[in-house]
Trainee: 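Just dropping this structure here.
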Amino acid sequence: MQQDDKRSKTWSGRFTEPVSDLVKRYTASVNFDKRLADVDIQGSLAHAKMLNKVGVLSDADLAAIQKGMAEILANIRNGTFDWSLDLEDVHMNIEARLTALIGDAGKRLHTGRSRNDQVATDVRLWLRGEIDQLIGLLQDAQHSFIDLAEVHAGTIMPGFTHLQVAQPVTFGHHLMAYVEMLSRDEARLVDCRKRVNRLPLGAAALAGTSYPIDREFVAAELGFDGVCGNSLDAVSDRDFAIEFLAAAALTMTHLSRFAEELVLWMSPSFGFITLADRFCTGSSIMPQKKNPDVAELIRGKTGRVDGHLMNLLVLMKGQPLTYNKDNQEDKEPLFDAVDTLRDTLVILADMVPGIHVKSAAMAAAVQKGFATATDLADYLVKKGLPFRDAHEAVARAVKAAETQGVDLAQLSLAEIQSFSPLAGADVFEVLKPEGSVASRNHVGGTAPEQVRAAIERARVRLAG
Ligand code: ARG
């Protein structure tokens with residue numbers, strides 16, 4: 001069959017000249033949208049079944065379509081399907097093959113349907129499956145953080161603001177912060193899924209169709225929660241994909257922050273952790289190097305996903321109703337975002353348990369940064385000093401300790417009393433990091449007891 005003939009079979013009966021090879025490549029999507037083949041066939045089968053049910057398609061035609069599609073699906077799965085650029089996209093490739101296999105019944109499949117509602121249906125079906133998988137992976141990632149947090153519920157490290165040592169926290173508490181973030185990311189996906197899971201089919205090209213279709217039947221066949229309520233909207237909007245990308249970008253942003261912390265913590269200047277060798281590489285010139293490449297790439301790949309979100313927002317912003325070919329450009333960003341997020345979550349769930357924590361280095365860093373200065377101020381407040389005065393007294397104590405090159409806890413009682421006579425011998429309790437973290441014993445606080453409670457809550461939530 002001539003290439004131009006192939007194309008003319010589908011829609012170019014009114015065209016007098018073929019498109020150039022470049023235009024063909026420029027407009028074709030089959031190289032990437034063949035990834036939708038599975039859901040495309042699922043959608044077609046549900047549509048055919050509905051056409052048969054309402055009396056538009058004969059039993060014999062339906063049976064032929066089902067048989068033909070089974071063969072096509074098998075060919076696609078075993079890699080023997082012959083994809084053709086001339087047939088533009090996944091939909092026309094499959095339909096043309098179906099017609100080649102079963103004749104006129106194949107040509108009847110598209111009754112009451114358009115590629116516009118077909119592709120919107122495909123993308124939604126595909127994305128729904130991916131979201132379900134991603135939700136599971138987000139839960140796995142949370143489990144890996146929780147398990148490590150349990151081991152380190154009492155491990156003390158400096159907490160930072162402005163990347164300066166601020167107050168002692170527990171490493172378990174720090175890890176559980178990410179569980180909070182990832183749990184919101186999970187909730188966002190669950191919520192987004194509700195809007196993804198609506199059926200566009202029946203909208204046809206844009207205005208609906210004159211056939212006596214049963215959209216609810218197709219929705220039920222395909223596991224959609226309901227149908228899109230407006231045909232013009234159904235074929236044209238990609239907000240469900242944009243919403244997914246926003247959720248994906250935010251998740252990647254959270255993972256990127258953690259990746260950045262891993263990079264910092266692994267640098268000798270911090271020396272808080274080492275990562276398992278399987279997530280690091282060496283340098284071709286500096287023999288001593290062990291680089292946290294995987295963490296760096298999590299950080300780097302976040303840019304891709306953020307970019308994909310921007311891509312689709314910009315893709316959509318100037319489009320008049322309804323379907324425009326611009327929308328064909330929704331797929332590659334969406335596919336890549338899903339792939340990137342999936343791979344990142346899989347890697348992370350393996351990487352977190354491989355974090356080797358150097359708790360002595362964490363403890364030493366707490367000592368160096370006057371991390372218990374706030375505790376001293378709070379102590380003096382409890383003894384009756386107004387907070388602003390306590391703040392000033394402690395600032396002077398810190399200056400003195402800094403000059404001597406010692407921590408607050410290493411000052412003598414007499415020295416501390418020279419800044420505030422309210423200090424007693426019990427002051428040294430609050431100057432210890434252990435005392436500091438244990439005292440923050442309320443919901444959401446860093447005390448080891450609270451970290452264990454947070455772990456318990458997270459486990460119950462994830463089990464439920
Ligand atoms: N490949 C197209 C896409 O992804 C399918 C829909 C094309 N519809 C049309 N009328 N040209 O958007």
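Everything numeric in this text was worked out from a predicted model, so none of it was measured.
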Trainee: Just wondering, more than 12 heavy atoms not from Glu449 lying within 6.0 Å of its CD?
Mentor: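 At most 12 heavy atoms, drawn from other residues, nucleotides or ligands, come within 6.0 Å of this atom.
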Trainee: In terms of side-chain geometry, is the basic nitrogen of Asp407 or Lys368 positioned less than 4.0 Å from the acidic oxygen of its partner?
Mentor: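 Result for this pair is no, no salt bridge flagged.
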Trainee: Any ion pair linking Lys194 and Asp225 (charged N to carboxylate O, less than 4.0 Å)?
Mentor: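 No.
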Trainee: Do the charged groups of Glu150 and Arg452 touch, with an N to O distance under 4.0 Å?
Mentor: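 Salt bridge between Glu150 and Arg452, a charged N being under 4.0 Å from a carboxylate O: no.
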Trainee: Does Asp350 pair with Arg278 as a salt bridge, N-O distance under 4.0 Å?
Mentor: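 The answer is yes: the pair qualifies as a salt bridge.
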Trainee: Have a look at Phe171 and tell me which of Phe272, Trp265, Tyr178 forms a ring-ring contact (aromatic ring centres under 6.0 Å, His included) with it.
Mentor: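 Among Phe272, Trp265, Tyr178, the one that satisfies the ring-ring contact (aromatic ring centres under 6.0 Å, His included) with Phe171 is Trp265.
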Trainee: Is Lys325 salt-bridged to Glu88, cutoff N-O under 4.0 Å?
Mentor: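 So Lys325 pairs with Glu88 through a salt bridge.
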Trainee: Does this structure show an ion pair linking Asp339 with Arg35, if we count only N-O contacts that are shorter than 4.0 Å?
Mentor: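 A salt bridge links Asp339 with Arg35.
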Trainee: Would you indicate whether His143, at its atom NE2, is surrounded by more than 12 heavy atoms from other residues, nucleotides or ligands within a distance under 6.0 Å?
Mentor: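 Enclosed.
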Trainee: Is the closest basic N to carboxylate O distance between Asp147 and Arg459 below 4.0 Å?
Mentor: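 Yes, charged N to carboxylate O under 4.0 Å.
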Trainee: State whether Glu186 and Arg461 are salt-bridged, where the test is any N-O pair (Lys NZ or Arg NE/NH1/NH2 against Asp/Glu carboxylate O) under 4.0 Å.
Mentor: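 Yes.
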Trainee: Does the distance from a Lys or Arg side-chain N to an Asp or Glu carboxylate O, for Asp375 and Lys432, drop under 4.0 Å?
Mentor: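 Salt bridge: no.
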Trainee: Between Arg188 and Asp191, does any NZ, NE, NH1 or NH2 come within less than 4.0 Å of an OD or OE carboxylate oxygen?
Mentor: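 No, no charged N to carboxylate O under 4.0 Å.
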Trainee: Step through the shown structure and confirm whether more than 12 heavy atoms of other residues, nucleotides or ligands are within 6.0 Å of NZ on Lys399.
Mentor: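 Check fails, neighbour count at 12 or below.
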Trainee: I'd like to know if Glu130 and Arg342 make a salt bridge, using a cut-off of under 4.0 Å between side-chain N and carboxylate O.
Mentor: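 Yes, Glu130 and Arg342 are salt-bridged.
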Trainee: Would you call Lys331 and Asp33 a salt bridge, using N to O less than 4.0 angstrom?
Mentor: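 Looking at Lys331 and Asp33, the cut-off is not met.
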Trainee: Hey, is the main chain of His110 close enough, under 3.5 Å, to the side chain of Glu95 for a donor-acceptor pair?
Mentor: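 Absent.
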Trainee: I want to check something: taking the side chain as every heavy atom from C-beta on, are Phe244 and Val338 in contact at a cut-off of under 4.5 Å?
Mentor: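 They are in side-chain contact.
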Trainee: Are Lys301 and Asp343 ion-paired here, with the side-chain N under 4.0 Å from a carboxylate O?
Mentor: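 Judged by the 4.0 Å cut-off on N to carboxylate O distance, Lys301 and Asp343 do not form a salt bridge.
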